[in-house]
**Student:** 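Could you have a look at this structure, given as C-alpha cells, before my questions?
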Amino acid sequence: MSLMFYSPIDDPDPWREALGAALPDLEFRVWPDDGPLDNVRYTLVWKPPIGWHRQFPDLRAILSLGAGVDAIVADPDLPPEVPIARLRDAGMAQQMAEYALYGALHFHRRMDEYARQQGGSVWQPLAPKLIGERGVGVMGLGVLGSAAAAMLARTGFKVAGWSRTRHQLDGIACWSGFEDLERFLAGSEILINFLPLTPDTLGILDAATLVLLPRGACIVNSARGAHVVEADLLAALDNGQIRGAMLDVFAEEPLPALHPLWRHPGVIVTPHVAAVTIASEAAGQVIDNLRRLRRGEAPVGVVDRAAGY
Ligand code: NDP
Ligand code: OXD
C-alpha cells in the first residue's frame, strides 16, 4: 500500500521522514516513479495536473498540501466517492494573520504614500487617522480569515467580516451573503481577501465591486489571483478608486515578467508566500488523517465538493 506525493514546489524529504516515522508500513513514493499504480491508496498533492488522479484505480483519499483546493477540485475526472481533505491552519493561520496585519498597517499608516514621496524627496506630513476609525474588511471568515480578523481587531482596527453563512465573532461586525456585500464593501477602507476560489467567488473583485469600496481604498489579496479581475484593478488604481494593493497571488503564477502589476507604483508584489505549508507544522495533521482513513473513519477537513471548498 502506498502514498504518492506530487508537488512542483514542496520538498518531499521532510514529508517522507515524518510519514515514514509515524506510518512505517505505508510506502512513501514521489511522482514520477515506475512503481505499480494499483497499490496507490492515497495522494498528497499540490496543484496536480488535470486528469492525474485518474491513473490510480484504487484511490481511497486525496490529501491536499494546501488550505485551498481549487486546483484539485478543478479536475472533472476525480472519482466522486474519494474524499479530498485539505489542511486546516497547520501553521498557516499565524502566517496569514501576520501578512494581513502588515498590509493593513502599511496602508493605514500611509507608508505607500510616504514611499512615493521619498522617491521625489518630498517632505510632506499626511493627515493621520485613528486606528479605531479605520475600517478593515475581511472577506472569508474561515480558518485563516477569522484568525486574521481577530489579530486585526486586537490591534485596534474597526473590523468587519463577510462570509457565506453568518458568523458571530467578538469585536467583529459580521456580514454574510451577496445581499450584504454592498454594505460590507462600503465600510472597507482596507479590504483583505481570504476567500476560497469557487465558481461563486471567481472574479469577485471586479470593476462592479471595486467601485463599491470607499474612494481611495486599499486591497490585500492573499487568497487566489483569479478572485481579482486584474485589468479592472489596474484601471481602478489608475483612476484613484483604489489607492494601493498588496498582492500575493495572481491569475498566472509566477507573475509574467512583463505584467503591468510588477511595475505599477501602487502595487506591492509577493510571490505566493502569505502562508506557506511547513512540513514540520503540517505533517501531524496529514498523519492523523491517514490513521483515520486506515481505521475506516472519515478524514478531518473534508472538502464539500458541491460548495467547492
Ligand atoms: P475556509 O474554507 O476555512 O474559509 C473560507 C471562508 O470563505 C469561509 O468563511 C466561507 O464562508 C467563505 N466563503 C466561501 N464561499 C463564499 C461565498 N460565495 N461568499 C462569501 N463567503 C464565502 O478556508 P481557509 O480560511 O482555510 O483558506 C482560505 C483561502 O486562503 C484558501 O482557499 C486559499 O485559496 C487561500 N490561501 C492562500 C495562501 C497564500 O499563501 N496566499 C495560503 C493558504 C490559503 P462560510 O464560513 O460561511 O463557509
Ligand atoms: C494554500 C496556499 O492554499 O498555499 O495552502 O495557497
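The first residue in the sequence is number 1, and the count goes up from there. Worth knowing before you read on, the calculation uses all heavy atoms, side chains too, and leaves out hydrogens, waters and symmetry mates. Read the numbers this way: they start at 1 and go in the same order the structure lists the ligands and their atoms.
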**Student:** Quick one: does Arg110's side chain get under 4.5 Å of Lys129's, heavy atoms only?
**Tutor:**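 In short, these two side chains do not touch, never coming nearer than 4.5 Å.
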**Student:** Side chains of Arg60 and Tyr42, heavy atoms from C-beta outward: is any pair under 4.5 Å?
**Tutor:**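 Touching, per the 4.5 Å side-chain cut-off.
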**Student:** Going by an N to O cut-off under 4.0 Å, is there a salt bridge joining Arg291 and Asp288?
**Tutor:** no
**Student:** Is the closest basic N to carboxylate O distance between Asp25 and Arg294 below 4.0 Å?
**Tutor:**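 Looking at Arg294 together with Asp25, the answer is yes, because their closest N to O distance falls below 4.0 Å.
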**Student:** Taking only heavy atoms of the protein into account, state which residues are under 4.0 angstrom from an atom of ligand 1, in chain and number order.
**Tutor:**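 Lining ligand 1: Ala67, Gly68, Arg86, Met92, Met96, Gly140, Leu141, Gly142, Val143, Leu144, Gly145, Trp162, Ser163, Arg164, Thr165, His167, Phe194, Leu195, Pro196, Asp200, Thr201, Ser222, Ala223, Arg224, Asp248, Val249, His272, Ala274, Ala275, Tyr309.
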**Student:** Please give the N or O to N or O pairs under 3.5 Å between ligand 2 and the protein, distances rounded to 0.1 Å.
**Tutor:**
| from | atom 1 | to | atom 2 | distance (Å) |
| --- | --- | --- | --- | --- |
| ligand 2 | 3 (O) | Ala67 | N | 3.4 |
| ligand 2 | 3 (O) | Gly68 | N | 2.7 |
| ligand 2 | 3 (O) | Arg224 | NH2 | 2.8 |
| ligand 2 | 5 (O) | Ala67 | N | 2.7 |
| ligand 2 | 6 (O) | Arg224 | NH1 | 2.8 |
| ligand 2 | 6 (O) | Arg224 | NH2 | 3.3 |
| ligand 2 | 6 (O) | His272 | NE2 | 2.6 |

**Student:** Glu189 and side chain to side chain donor-acceptor pair (under 3.5 Å): which partner among Arg215, Arg134, His108?
**Tutor:**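 Of the listed options, the one satisfying the test is Arg134.
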**Student:** Tell me whether Trp175 contacts the main-chain N or O of Leu181 through its side chain, where contact means a donor paired with an acceptor under 3.5 Å.
**Tutor:** no
**Student:** Taking the side chain as every heavy atom from C-beta outward, state whether Phe194 and Met139 have any pair of such atoms under 4.5 Å apart.
**Tutor:** no
**Student:** Answer with yes or no after comparing the ring centroid distance for Tyr6 and Trp52 against a 6.0 Å cut-off, counting only values under it.
**Tutor:**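 Centroid distance Tyr6-Trp52: below 6.0 Å, so yes.
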**Student:** For residues Phe178 and Trp162, establish whether the separation of their ring centroids is below 6.0 Å.
**Tutor:**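 Ring centroids of Phe178 and Trp162 are less than 6.0 Å from each other.
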